[in-house]
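See below for the structure under consideration.
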Amino acid sequence: MTIVTASDGAGRDVGVTANSFNSVSLDPPMVLWSLARKSASLPVFAQSSHFAVHILAADQEDLSDRFARSGPDKFAGIALERGAGGAPLLPGAAARFQCRTAFQHDGGDHVIFVGEVETFERSARAPLAFHGGRYAVAARKAASLSEASPAPVEPKTFGEDFLGYLLGRADLQVTGRLRPVLERLGLAPREHFVLSAIGTFGEVTPARLAATPGFTGQRLCLDETQALIERGMIARDAAGSLSLSEAGRAAFVELTAAAMAIEDDIADGLDETELAMLRHLLKRVIAATDPATSGGRMVAEEGLEPPTRGL
Ligand SMILES: Cc1cc2nc3c(=O)[nH]c(=O)nc-3n(C[C@H](O)[C@H](O)[C@H](O)COP(=O)(O)O)c2cc1C
């Protein structure tokens with residue numbers, strides 16, 4: 001997805017969401033995109049010497065929606081820079097091309113703009129794609145995928161492409177790296193959950209804590225909370241609100257640092273697009289298997305079901 005912008009040099013900025021963007025030539029570097037003749041922005045694009053193409057990042061759906069609607073205030077509240085020919089430059093894009101308008105061709109009910117690229121900037125951000133009428137993220141395929149699973153796996157047998165195996169092993173290996181820290185701090189996994197939930201929310205009422213399964217997938221357990229209060233890691237005030245004590249906060253900070261180091265190691269082996277795709281697919285697996293929602297088709301299991309009792 002792209003947003004193409006231009007300015008008429010007299011204070012009128014225009015910008016449109018476009019997926020007609022394409023490369024044309026490497027030498028000289030040229031790109032094209034097409035604009036509907038009915039677009040209110042056409043007069044400005046037709047007369048401006050330059051335009052800027054923003055390849056949107058995977059998290060810029062809102063910006064794409066904003067520039068897909070006609071209206072005078074598309075740029076309201078956005079911190080703009082200025083590019084060649086005064087074209088407004090939007091922040092946060094995966095890449096930006098600043099182009100001199102080289103040609104305008106008839107394209108039926110569209111005008112085809114061909115630009116010669118004068119400046120090109122790129123970031124490591126994953127691009128926002130559009131596929132099957134919806135926003136999408138793009139990921140590498142082919143070689144990297146076949147390298148990951150060289151041996152063909154018989155369908156419907158338990159093997160190394162079995163999703164349950166992949167998710168389970170990934171969970172074991174990722175959370176397993178936290179185990180030495182938990183052991184040193186003397187925390188059981190469920191105590192870790194209670195500590196993390198209170199550390200994340202700050203001061204929290206038992207009712208709010210009881211509502212956390214939607215976020216964590218874990219069931220609140222009164223026994224663990226009570227045990228942490230007795231060990232001086234959680235404090236309960238007169239109104240019943242729970243918060244971390246000094247010792248609890250120190251443990252929380254140490255665990256968070258360890259978890260972030262693990263996250264960094266996972267991210268090291270993946271590019272931004274793959275990371276965005278991994279997060280997206282894991283969220284879909286969580287939604288599809290969440291017994292707390294109608295989306296969940298799996299039978300609720302111990303530790304995954306909504307709480308049946310609060311504090
Ligand atoms: C996914 C998507 C892709 C689009 N691609 C184009 C395009 O390539 N060319 C175009 O003229 N309009 C395209 N549009 C529509 C324009 O963004 C929209 O008509 C434009 O913002 C109208 O603004 P204006 O009338 O202020 O110029 C697209 C919209 C969406 C949602």
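For the single chain, residues carry numbers from 1 onward in sequence order. Numbering of ligands and ligand atoms starts at 1, following listing order.
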Closest candidate by heavy atom, reference atom 23 (O) of ligand 1, pool His110, Arg134, Lys74, Arg37: Lys74
Out of Pro43, Ser34, Ser70, Ala68, who is nearest to atom 31 (C) of ligand 1 when you count heavy atoms only? Ala68
Trace of the ring pair (Phe, Tyr, Trp, His ring centres under 6.0 Å) decision for Phe67 with Phe75: CA-CA 9 Å; Phe67 281 83; Phe75 293 90; 5.0 Å; yes
Please report whether ligand 1 has a polar contact with Ala40, defined as an N or O pair separated by less than 3.5 Å (distance criterion only). yes
Main-chain N/O of Ser64 paired with Thr17 side-chain donor or acceptor, under 3.5 Å: yes
Test His54 against Gln60 for side chain to side chain donor-acceptor pair (under 3.5 Å), laying out the working first. CA-CA 11 Å; His54 305 76; Gln60 290 190 304; over 6 Å; no
In terms of relative ring orientation, are Tyr135 and Phe130 parallel, tilted or perpendicular, with 30° and 60° separating the classes? perpendicular
Provide, to 0.1 Å, the distance between atom 8 (O) of ligand 1 and the closest protein heavy atom, together with that atom's residue and name. Ser20 OG, 2.6 Å
Would you indicate whether the side-chain heavy atoms of Met233 and Glu191 approach each other to under 4.5 Å? no
Would you say ligand 1 has an N or O under 3.5 Å from any N or O of Tyr135? no
Of the side chain and backbone of Ser64, name the one, both, or neither that has a heavy atom under 4.0 Å from an atom of ligand 1. neither
With a 4.0 Å heavy-atom cut-off (strictly under), which part of Phe67 contacts ligand 1: side chain, backbone, both or neither? backbone
Atoms of ligand 1 under 4.0 Å from any heavy atom of Ser41, numbered from 1 in the order shown, are 24 (P), 26 (O), 27 (O)
Considering distance alone, does some N or O of Ser39 sit under 3.5 Å from an N or O of ligand 1? yes
Check whether any heavy atom of Met1 sits under 4.0 Å from an atom of ligand 1. yes
Which value, rounded to the nearest 0.5 Å, describes the distance between His192 atom NE2 and Leu182 atom CG? 5.5 Å
Treating Ser241 as the side-chain partner and Thr205 as the backbone partner, does any N or O pair qualify as donor plus acceptor under 3.5 Å? no
Report the nearest protein non-hydrogen atom to atom 20 (C) of ligand 1: residue, atom name, distance rounded to 0.1 Å. Val16 CG1, 3.7 Å
Among Thr17, Asp65, Leu35, which one has a heavy atom closest to atom 6 (C) of ligand 1? Thr17
Hey, which atoms in ligand 1 end up nearer than 4.0 Å to a heavy atom of Ala36? 10 (C), 11 (O)
State, with a plain yes or no, whether a side-chain heavy atom of Ile234 is found less than 4.5 Å away from one of Arg236. no
Just do the ring pair (Phe, Tyr, Trp, His ring centres under 6.0 Å) check on Phe97 and Trp33 with the steps written out, would you? CA-CA 12 Å; Phe97 299 86; Trp33 69 288; over 10 Å; no
